[in-house]
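Below are the structure tokens for one structure; questions will follow.
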Amino acid sequence: MIDRGRTLVLLLAGGVGSRLNVLVQPRAKPAVPFAGVYRIIDFALSNVMNSGLGQVGVLTQYKPLSLMRHIGTGAVWDFTGRTRGVKILPPRTGFQDSDWYQGTADAVRQNIDFIRANPSRELLLLSGDHIYQMDFDDMIRCHREKAAQITIGMMVVPKSEIHQFGAGITNAEGRIVEWEEKPREAKTDLASMGIYVFDTEYLLNLLAQDREMLDFGMHLVPRAVERDRVFAYPFHGYWRDVGTIQAYWEANMDVLRDDAGISPEAWGIRPNPRPCANMADRPPVRFLRGNHAERSLISAGCVIEGTVVNSVLSPGVHVGKGAMVRDSILFDDCHIEAGARVELAILDKRIRVGQGAVVGTGDKGVVNCQHPTHLYTGITLVGKDAEVPAGASIGRNCIVSPWKKAADFPADGKVGDGETV
Amino acid sequence: MTTKLKPATLAMILAGGRVDDLNVLTYYRPKSAVPFGGFARVIDFPLSNLMHSGLERVAILSQYRSFSLINHIGSGAAWDMIGRYRGVSILPPSKGSGPSNWYLGTANAVYQNLDFIQYHSPREVLILSGDHVYKMDYRQIIDYHRAKDADLTIAFLQVPREMASRFGMADVDNEDGERGGRVLHYEEKPNLPRGDWASLTVYCFRPRILYEVLEANARDDDSFEFGRDIIPRLMHEGRRIYGYKFRGYWGYARTIEEYWQTSMDLLGDDPPIRLEEWGIRTNLEHRNIRDCQPLKVGAGAVISDSLVYNGCVIEGRVERSIIFPGVHIRPGAEVRDSVLFFNTTVGPQCRLSKVICDVNTVIGGRVEIGGSAAVQDKEATVVGWNNHIPDGTVIGAGCTLYPQLPSEQWRTHIADREVIR
């Protein structure tokens with residue numbers, strides 16, 4: 001176990017994650033609910049806690065309210081105490097750096113005062129966007145053993161996907177000798193997970209040198225690889241960037257399977273039960289006579305009268321008599337009224353699907369007209385607080401924007417494949 | 001200086017008792033800390049009622065195996081009882097300069113803490129039992145108490161006279177019709193009651209009268225119970241004693257059969273006990289149930305007319321049962337008419353019928369408990385905590401299995417109504 005307080009953690013939680021579409025309209029990507037009771041950022045925060053680290057800064061920028069409420073005092077992750085704490089670091093105006101965060105390195109640079117105020121030997125830089133379990137303590141140990149200046153968490157990905165990542169070529173001792181950010185052609189299959197350990201002094205020097213360097217992967221790491229000791233820390237396990245609707249849906253579905261390699265509770269991932277889901281006010285799940293539930297995750301406070309198959313339900317979801325939910329993800333307090341059907345859909349909080357309405361029916365091949373790169377596999381999205389009127393029928397790859405009510409729907413209640421309300 | 005923040009009423013919960021008839025369930029915990037409702041403890045009912053009544057200055061009198069209770073109460077934050085004038089104080093028996101002793105009865109427990117009451121100098125003292133399952137807005141009885149300028153106001157419920165021998169029974173007149181009236185006669189557990197109003201052990205006292213009667217009781221009597229000694233003494237003195245007529249659900253659990261029946265009142269399409277409506281809260285930090293992932297329902301699972309909390313994995317069949325966090329029911333197992341406490345595992349191909357199983361018990365494969373008789377024709381079998389029931393064991397109905405039985409105590413066949421200790 002390393003000395004507590006000797007490693008400072010910075011968590012980048014400012015990204016918009018715009019490909020998550022209506023799910024990130026009311027909140028930042030790290031605050032998007034996941035697997036019923038969690039938020040995406042719980043994975044990074046819990047990994048930090050379980051690694052024995054406790055001095056954390058969370059860099060926010062985009063719609064931080066939901067995130068700030070979620071993190072609270074940090075007590076859930078044991079970030080309160082003499083040498084432990086969590087600070088929210090929003091962009092600030094100052095004498096010179098009076099701008100929004102323009103990139104990962106820029107965000108860190110703008111918080112140099114925080115880094116100096118919390119003296120550390122190493123700085124662990126993470127993203128709050130990923131679903132995984134990792135022991136950072138071991139990564140820091142490797143960093144010290146190799147006398148590295150930067151250590152980057154890296155994993156093998158299919159070569160066809162390498163263009164989305166920072167790619168590194170390593171030598172026999174694990175040192176990165178060549179770096180390409182989002183390469184068009186794959187020379188390697190080793191991809192950066194956006195997890196960095198820096199020697200703190202080294203990082204402060206690096207950031208001071210060239211203030212035009214705004215991004216780690218794009219600017220700082222390629223230069224460091226050329227002259228300094230940059231090592232890869234290999235990771236073998238479940239890791240997902242749930243940055244697209246399809247990836248987000250798949251990762252949720254993975255939790256339902258026993259062989260997918262993801263198990264939040266066994267990983268020691270801690271949700272914060274208080275601020276949003278009000279877990280304290282949720283009784284056990286009530287299964288009424290005549291229901292049918294299988295292959296699903298169902299959270300406390302749900303009432304199941306109808307059918308739930310292969311789905312993930314957050315707290316407080318009601319599935320009425322004769323209603324059916326299949327292959328779907330439902331956030332807190334959705335009400336699926338009697339006889340309604342929800343198939344291959346993601347419903348944000350407090351959606352009401354009226355009696356007999358259908359969400360998700362038709363041709364999966366018709367992509368969304370407005371966002372063809374977001375919705376193309378058949379998944380339909382319904383935004384926060386929307387009401388799908390009784391008897392309505394919503395197709396595949398559709399979007400219902402947040403806060404839409406019956407009057408916003410076409411008179412016949414039909415929303416064709418790929419359309420947006 | 002007075003402030004409106006400071007509550008006028010001090011609430012005291014009598015939570016010390018062990019109930020012999022509850023047997024192994026109160027082997028290691030007071031009755032008030034017995035699990036109930038699939039996630040909570042019995043004492044959560046009065047605590048939640050107090051919270052919703054805005055009475056958040058609370059003392060808990062406890063002496064029997066208090067550890068589980070103290071753990072459960074924690075800081076009191078779960079019921080919002082933490083603040084400038086809000087809080088929970090646990091009052092165990094203590095030594096002092098005067099004569100001190102174990103609590104010799106409910107009245108003696110309060111008597112030994114008169115200094116605590118005097119320190120708070122409340123306008124009235126509300127004394128409750130921690131043992132009952134009900135929803136009550138205590139503001140109504142307090143309002144009535146104030147309106148009548150009573151010395152003592154007691155909550156009563158109308159019951160069939162044949163049940164009288166188990167309650168304090170009163171004759172209450174109709175001075176205020178449905179709301180309440182003067183207590184004309186009171187008797188503790190009479191065979192032939194003069195009235196049909198049963199005391200709910202909810203007492204609202206004028207503090208001065210409480211002090212006087214407790215002093216007299218301590219000085220003159222050799223029994224120290226509210227029902228048996230204090231109320232008759234006040235009746236004899238001709239004090240202003242009023243009855244507040246309560247008409248809601250009242251659940252009690254002084255025997256295993258009553259505990260089972262009260263648990264079953266949580267089930268059905270229209271259950272008498274409505275956890276969500278009643279706003280029952282528990283302390284999610286106790287046993288860390290806040291860290292649970294949602295309930296995982298497996299491919300072959302069937303769950304009917306049951307309550308199941310987060311942290312469970314259900315792969316078998318569950319009917320008319322209450323399943324607490326962390327229970328794992330393996331494929332092919334069938335659990336009917338049962339209550340399974342925290343972190344119990346039911347092995348493959350098991351058959352459980354009318355079983356109450358305490359925490360951390362591992363039931364091996366192909367175990368049969370409770371026999372095949374119809375549920376109304378048999379008594380519940382109770383399994384104490386931390387047991388490991390070997391594969392293939394057959395256990396009858398109405399059996400009692402003590403906690404933590406050593407492996408040599410197990411036989412392959414345990415007949416109906418046997419007690420294994």
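These numbers come from the heavy atoms of this one structure, side chains and all, not from hydrogens, waters or symmetry mates. Sequence lines set the chain letters: A, B, ... in the order given, protein chains first and strands last, and positions in each chain run from 1.
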### Query
Donor-acceptor pair, B/Ser32 side chain versus B/Gly130 backbone, under 3.5 Å?
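Not at all, since once roles are kept as given, no pair shorter than 3.5 Å links the two residues.
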
### Query
So do the side chains of A/Asn272 and A/Trp77 get within less than 4.5 Å of each other, counting heavy atoms only?
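Answer yes - side chains close enough.
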
### Message
Main chain of B/Glu334, side chain of B/Arg317: is a donor-acceptor contact present, judged purely on distance under 3.5 Å?
### Response
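It does not hold such a pair.
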
### Task
Please look at B/Val308 and chain A and tell me whether the side chain, the backbone, both or neither of the residue comes under 4.5 angstrom of a heavy atom of that chain.
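For B/Val308, the contact with chain A is made by backbone and side chain together.
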
### Task
Answer with yes or no whether the side chains of A/Glu305 and A/His318 bring together a donor and an acceptor at under 3.5 Å.
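No - no donor-acceptor pair under 3.5 Å links their side chains.
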
### Query
Within a strict 4.5 Å, meaning less than it, do heavy atoms of the B/Asp265 and B/Tyr249 side chains meet?
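Counting from C-beta outward, B/Asp265 and B/Tyr249 do come under 4.5 Å.
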
### Task
Evaluate the side-chain proximity of A/Leu330 to A/Ile336: yes if any heavy-atom separation is below 4.5 Å, no if none is.
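Yes; the side chains approach each other to less than 4.5 Å.
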
#### Entry: Winner by heavy-atom pair count (cut-off under 4.5 Å) against chain A, out of B/Gly37, B/Gly38, B/Ala301, B/Gly298
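Highest number of heavy-atom pairs under 4.5 Å: B/Gly298.
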
#### Entry: Within residues 279-287 of chain B, residues adjacent to chain A where the heavy-atom gap is under 4.5 Å
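So the qualifying residues are B/Ile280, B/Arg281, B/Thr282, B/Leu284, B/Glu285.
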
### Query
Relative to chain B, which segment of A/Ala35 carries a heavy atom at a distance below 4.5 Å: side chain, backbone, both, or neither?
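Just its backbone gets close to chain B.
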
### Query
Is it the backbone or the side chain of A/Ser263 that comes under 4.5 Å from a heavy atom of chain B, or both, or neither?
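Answer is both: backbone and side chain atoms of A/Ser263 are under 4.5 Å from chain B.
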
### Query
Quick one: do B/Arg320 and B/Asp337 make a salt bridge, cutoff under 4.0 Å?
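Yes, charged N to carboxylate O under 4.0 Å.
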
### Query
chain B: which of A/Asp281, A/Leu313, A/Ile269 shares the most heavy-atom pairs with it under 4.5 Å?
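With the most close heavy-atom pairs to chain B, the winner is A/Asp281.
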
### Task
Determine the option with the most heavy-atom pairs under 4.5 angstrom with chain B, choosing from A/Gly301, A/Gly290, A/Pro271.
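The residue among A/Gly301, A/Gly290, A/Pro271 with the greatest pair count is A/Pro271.
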
### Query
Taking the side chain as C-beta and beyond, is there a heavy-atom pair between A/Glu343 and A/Met324 under 4.5 Å?
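Yes, at least one pair of side-chain atoms sits under 4.5 Å.
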
#### Entry: Residues from residues 248-258 of chain A approaching chain B under 4.5 Å (heavy atoms)
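Heavy-atom contacts from residues 248-258 of chain A to chain B are A/Val255, A/Leu256, A/Arg257, A/Asp258.
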
### Task
Check the surroundings of atom CZ in A/Arg326: do more than 12 heavy atoms from other residues, nucleotides or ligands lie under 6.0 Å from it?
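12 or below, so no.
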
### Task
Could you tell me whether the side chain of A/Asp348 reaches within less than 4.5 Å of the side chain of A/Val382, counting heavy atoms only?
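Not in contact.
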
### Task
May I ask you to decide whether A/Asp333 forms a salt bridge with A/Arg282, counting only side-chain N to carboxylate O separations under 4.0 Å?
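Looking at A/Arg282 together with A/Asp333, the answer is yes, because their closest N to O distance falls below 4.0 Å.
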
### Task
Indicate yes or no: at least one non-hydrogen side-chain atom of B/Asp44 is less than 4.5 angstrom from one of B/His72.
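Yes - at least one pair of side-chain heavy atoms lies under 4.5 Å apart.
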
### Toward chain A, the part of B/Ala299 with a non-hydrogen atom under 4.5 Å
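For B/Ala299, heavy atoms of backbone and side chain both lie under 4.5 Å from chain A.
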
### Task
Measure from the side-chain N and O atoms of A/Ser311 to the backbone N and O of A/Ser328, and report whether any donor-acceptor pair falls under 3.5 Å.
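A pair under 3.5 Å: yes.
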
### Message
For chain A, which candidate among B/Leu275, B/Ile314, B/Leu295 shows the most heavy-atom pairs at distances under 4.5 Å?
### Response
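The candidate making the most pairs under 4.5 Å is B/Leu295.
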
